[in-house]
Engineer: 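A single structure is presented below for examination.
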Amino acid sequence: MNMNAMYSLTYGLFVLTAKDGKDNGCIINTPAQVTTSPNRITIAVNKGNYTHDMIRRTGVFNISILDESAPFSLFRRFGFASGRDTDKLEGLSLPRSENGVVYLTDHACAYISGSVVAEVDLGTHTLFLADVTDCEVLSDSAPVTYAYYHANIKPKPQAQEKTVWVCKICGYTHEGDQLPDDFVCPWCKHGAIDFEKKGG
Ligand code: FE
């Protein structure tokens with residue numbers, strides 16, 4: 001079995017936003033339209049994300065579909081911090097859709113509003129099945145794919161003299177000869193299996 005086959009699956013990148021008192025959002029790569037009539041989507045959200053808990057409580061969310069102009073700072077803002085202890089939307093002035101949840105207009109080519117109709121506990125994640133309650137096209141720019149992000153947006157690791165472990169998902173670098181099996185990437189929450197050894 002070659003696990004690299006899993007990297008041949010194609011994905012996009014999205015900001016998932018919710019509102020429960022405060023506004024919050026995180027980066028996800030898993031929205032999929034699963035039926036057209038009714039128009040329904042699924043999203044899988046890591047339970048470690050504060051946005052996950054907000055959606056479980058409120059049942060509503062928006063997905064902003066990021067385009068190829070999205071800078072690394074946007075992924076850092078939404079993907080590498082927790083909304084539990086920071087205001088990820090600080091300094092942003094974002095419009096609200098019909099459901100009262102914010103969505104991105106800069107670096108997003110469309111947004112979709114979802115209302116949860118079912119959820120499945122996947123262990124690390126919850127899979128939400130949702131009705132599409134609203135959606136709008138924001139621009140004709142190309143939606144960013146995961147492959148495009150890796151090739152053109154994520155910073156390239158520098159040549160290393162020390163041994164480092166680089167997260168294949170987000171680029172986070174951990175210094176040290178060993179990487180503990182239970183290591184969890186502080187930025188994207190992926191495990192040790194998604195790190196590769198560089199330098200040393
Ligand atoms: Fe990571």
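One-based numbering, in listed order, for ligands and for the atoms of each.
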Engineer: Once rounded to 10°, what is the value of the angle centred on the Fe ion (ligand 1) between Cys167 SG and Cys188 SG?
Structural biologist: 110°

Engineer: Does the side chain of Ile153 reach to within under 4.5 Å of the side chain of Phe75, using non-hydrogen atoms?
Structural biologist: yes

Engineer: Please round to the nearest 0.5 Å and tell me the distance separating atom NZ of Lys19 and atom CG of Asn99.
Structural biologist: 10.5 Å

Engineer: Indicate whether any N or O donor in one side chain lies under 3.5 Å from an N or O acceptor in the other, for Asp131 and Ser115.
Structural biologist: no

Engineer: In terms of ring plane angle, is the pair His52 and Phe128 parallel, tilted or perpendicular, where the classes change at 30° and 60°?
Structural biologist: tilted

Engineer: About how large, to 10 degrees, is the angle SG of Cys170, then the Fe ion (ligand 1), then SG of Cys185?
Structural biologist: 100°

Engineer: So, His190 and the Fe ion (ligand 1): N/O/S under 2.8 Å, yes or no?
Structural biologist: no

